[in-house]
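Take a look at the structure below.
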There are 2 protein chains.
Amino acid sequence: MTSSPPHQGSNAERSRSRNRTAVLGQIHHAGELGRAELARALDLSVQAVSNIIADLLQDGMLVEKGARSAGRGLPAVQYGIKPEGGFALGIEVRPNVIFAVLLDLTGKAVFTRRSVLKSARPEDVILEVTRLRDAALTEVPAAKDRMLGAGIVMPGPFGATGLSGRETELPEWQNVNPAELFQNALGLPVEVSNDANAAAMAERISGCAHGLGSFAYLYFGTGLGLGLVSQGHLVRGAFGNAGEIGHIPVPTPLGSAPLETRLSRMSVRHQLEMSGHSNIDFEKIEKLYATSDPELMTWLGSASDALGHAMQIIENVFDPQTTILGGAMPDAVLRHLVRNVSLNNASVSRRSDNPLPRLQCGASGRLVATLGAAALILNSRLTPHAATH
Amino acid sequence: MTSSPPHQGSNAERSRSRNRTAVLGQIHHAGELGRAELARALDLSVQAVSNIIADLLQDGMLVEKGARSAGRGLPAVQYGIKPEGGFALGIEVRPNVIFAVLLDLTGKAVFTRRSVLKSARPEDVILEVTRLRDAALTEVPAAKDRMLGAGIVMPGPFGATGLSGRETELPEWQNVNPAELFQNALGLPVEVSNDANAAAMAERISGCAHGLGSFAYLYFGTGLGLGLVSQGHLVRGAFGNAGEIGHIPVPTPLGSAPLETRLSRMSVRHQLEMSGHSNIDFEKIEKLYATSDPELMTWLGSASDALGHAMQIIENVFDPQTTILGGAMPDAVLRHLVRNVSLNNASVSRRSDNPLPRLQCGASGRLVATLGAAALILNSRLTPHAATH
DNA sequence: GGTATTAACTCAAATAACTTGAACTATCAA
DNA sequence: TTGATAGTTCAAGTTATTTGAGTTAATACC
């Protein structure tokens, strides 16, 4: 991850690529659009848009959707994203399991697989990932020569930080450059990120943050992560480790504690195990919630408080359009938290002009991070960077 | 402030403008550079850079600096920013006073003035601001037809938020669009922002964050503000109110309190007034510090703690290259805080590969926000937005 | 029902900025 | 002294865009 200021010149070729991205992005966002509408939105000439659309049709990334007449004048021919126009592989590496999905260009999952890992050593992971890639391409042959890239989700933090060696879940990857490794193994453009960032992108591409410019995603992982999106792109920080919100100490009735000791899978598990439960997994939590298990309810109370604190930090520091809560946690639990959290009224985020809720549940389920891995790639094809003023 | 996703197409004209910005930015950052060096940095052809430089010389924004021979080959002619190539006006509006500066293209202040405000009503402020603009142009006639724009710093939050009417320092501006108002009055491009954001830009243009891509600025205003810079540009949030870090409750020995009750001008003043001091202003604090006033020292202890908490939030959420502490507070006090804060070692920001200190003092003095107002304009002329990958 | 108006779209030419490739120049090293 | 190296310029060539005139197909009005 680089920290240098952004500097690259532009030329005809790069303009072209930017404009194709912008056209695809607008159409993805709106569902379908006509040439003239696009030209106005992008501040380009109709002719330019016409040429670009002809190109994208040729390349099989767009489909014609029939004309739509709105008032006077020639009805505009609408264009939509062609799902099979491009595919992105999403890979989530956890210490003992790998998840893989294949998304089409609209962000729909067309392949999903889970694969147990016997070892988390880089060479074994790479081997399994190429197998998963092959399985995906066998199941969806249309993707064979239309792969846009692969997104990889792995536990951070990345690089040599003060957290190194302490909380790393994949110690074997300490001195490896994952992006390079996967890029060589897969022969595809690769983006690597943590679970929370990826999850945010999943919601932006096909979930409840569809097309939003600025929002935050609170992710229940082992710990608690935060994905920040600004101007349609992830805010990764200077070293790619932005969003480690779980380590922040927040006030508690008995002093203070890191946020994720009260708001994370780790913390539910801990609390439930203390009271004699065992084998705490997704399904178990779901069941306990269905039966209103008192211990789980106690945890939920404390977690709601912690969530309120997290929201204060997120809203005051980042001022997002909305915040999304998700991750590998049963929907019912997430909904409970969203319903029961108390949001501070004295906040810059309580606005009369924002139609979105301040906090909402994610719409992508427990595989959100894996989906998001692939969404990282799609987003780079659908969202140009901010224009010069 | 807009919240929609960023979408604008590119064409030859916009490429040109982007490339000129990129060339100026690279030169600003490096001090001076040759054509070939620029071409490599921007991934443009040497010929393109040559044409752009010819243009910028013609426009009076660059100066030739003589050749520099480095090893074999023809020595490269160096180019530097021509200070009088462009000027930016910086205005800081406070309830009872206005500050104004004029910066040249290198970010040097060539005019500074303070003006007492009898009323903070929009029409009176506008009148005074145009007067200050005229005074600046009289004192620096070279700026007359080379004004790039005006930056305005005002207390936020902007728009109708949950804080409206409670903490606003300029109630008369509640239902006014400041940007539009100033733009019409001054006939210049205008950018409006809060003090912390502006301060961050001041340090990026001519202070200790010179040219940095990603950093944070903690600003001692009346309250406590946070300026976030990512990829060389401010992160403003969906509604322009990002960075209200002062309102976040943090743990204290006796429960919890909003950060700015312990770390802000307001809080020093409060603490010193409680113990019998009066007329607490900048100079008074400076004197009390020089004499190691026990009450001030007590405040400093609590403030250091609070600063430590702020740093945990900033580093974990944003992962900056460095954080800068500044604002309208004596340098000695800022230095004391930086020296005495205890930074958590278990942080993603403790890295072996970052040469910058995790926390440092600002280099722009107490006028930093006013300087920053003008720096907002300069930054837009020196930093292109991120390129497509 | 006919006609004017509106808006989307296409074709062909013009434009603007960048890239390419060959030639030239100045410095260093052997 | 000669060769290698690197910066720079000149003149064409390339590319994606804009411009402007003309076509098509709806709605609105008389």
Side-chain angles (χ1 to χ4, degrees), chain A residues 7-24 26-27 30 32-59 62 64-80 384 387-388, chain B residues 7-24 26-27 30 32-59 62 64-80 384 387-388:
Chain A
H7 283 294
Q8 186 176 22
S10 179
N11 58 22
E13 190 190 332
R14 302 203 265 258
S15 285
R16 173 192 171 78
S17 146
R18 180 198 173 82
N19 288 348
R20 288 166 60 119
T21 300
V23 164
L24 281 175
Q26 286 286 100
I27 294 177
E32 50 183 72
L33 285 172
R35 295 174 229 256
E37 237 170 330
L38 280 163
R40 282 189 298 266
L42 301 176
D43 197 10
L44 290 175
S45 65
V46 176
Q47 186 56 54
V49 170
S50 235
N51 295 339
I52 292 166
I53 284 190
D55 251 45
L56 291 171
L57 282 171
Q58 173 92 47
D59 289 7
L62 287 184
E64 207 172 306
K65 291 264 189 139
R68 195 195 52 173
S69 93
R72 283 213 253 219
L74 208 174
V77 178
Q78 303 297 107
Y79 296 89
T388 57
Chain B
H7 283 294
Q8 186 176 22
S10 178
N11 58 22
E13 190 190 332
R14 302 203 266 258
S15 284
R16 174 192 171 77
S17 146
R18 180 200 174 83
N19 288 348
R20 288 166 60 120
T21 299
V23 164
L24 282 174
Q26 287 285 102
I27 295 177
E32 51 182 71
L33 284 173
R35 295 173 229 256
E37 236 169 330
L38 280 162
R40 281 189 299 267
L42 302 176
D43 197 11
L44 289 175
S45 66
V46 177
Q47 187 56 53
V49 171
S50 235
N51 294 338
I52 292 166
I53 284 190
D55 251 46
L56 291 170
L57 283 170
Q58 174 92 47
D59 289 8
L62 287 184
E64 206 173 307
K65 290 266 187 134
R68 194 194 53 173
S69 93
R72 283 212 250 219
L74 208 174
V77 179
Q78 303 297 105
Y79 296 89
T388 56

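Each chain gets a letter, A, B and so on, in the order its sequence line appears, and its residues count up from 1. What's counted below: heavy atoms across the whole structure, side chains too, no hydrogens, waters or symmetry copies.
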inquiry  = With rounding to the nearest 0.5 angstrom, report the CG to CG distance, Leu24(A) to Leu56(A).
reply    = 5.0 Å
request  = Answer whether the closest heavy-atom distance between the side chains of Val23(B) and Leu42(B) falls below 4.5 Å.
outcome  = yes
Between dT17(D) (P) and Arg14(B) (CZ): distance, integer Å = 10 Å
remark   = A correct 5'-to-3' footprint of nucleotides 8-16 of chain D, with B, S and - meaning base, sugar-phosphate only and no protein heavy atom under 4.0 Å, is SBBB----S
message = Are Ile52(A) and Leu38(A) packed together at the side-chain level, in the sense that at least one heavy-atom pair is separated by less than 4.5 angstrom?
response = no
remark   = With sequence neighbours left out, the residues meeting side chain to side chain contact (heavy atoms under 4.5 Å, CB included) with Glu64(A) are Val77(A), Tyr79(A)
ask   = Roughly how far, to the nearest 0.5 Å, is the CZ atom of Arg35(B) from the CD atom of Gln78(B)?
value = 10.5 Å
message = Under the rule for salt bridge (charged side-chain N to carboxylate O under 4.0 Å, His left out), what residues qualify as partners of Arg20(B), not counting sequence neighbours?
response = Asp55(B), Asp59(B)
Nearest-nucleotide comparison on DNA chain D, the residue closer to the 5′ end among Gly73(A) and Val49(A) = Val49(A)
request  = Applying salt bridge (charged side-chain N to carboxylate O under 4.0 Å, His left out), name anything that partners Arg68(B), two or more places apart in sequence or on another chain.
outcome  = Glu37(B)
ask   = OP1 or OP2 of dG7(D) less than 4.0 angstrom from a side-chain nitrogen or oxygen of Arg40(B), does that happen here?
value = yes
note = Residues at least two apart in sequence or cross-chain that pass side chain to side chain contact (heavy atoms under 4.5 Å, CB included) with Gln47(B), listed by chain then number, are Ser45(B), Ser50(B), Asn51(B)
key: Contact interval (first through last nucleotide) of DNA chain C with protein chain A, 4.0 Å heavy-atom   = dT5(C) to dT19(C)
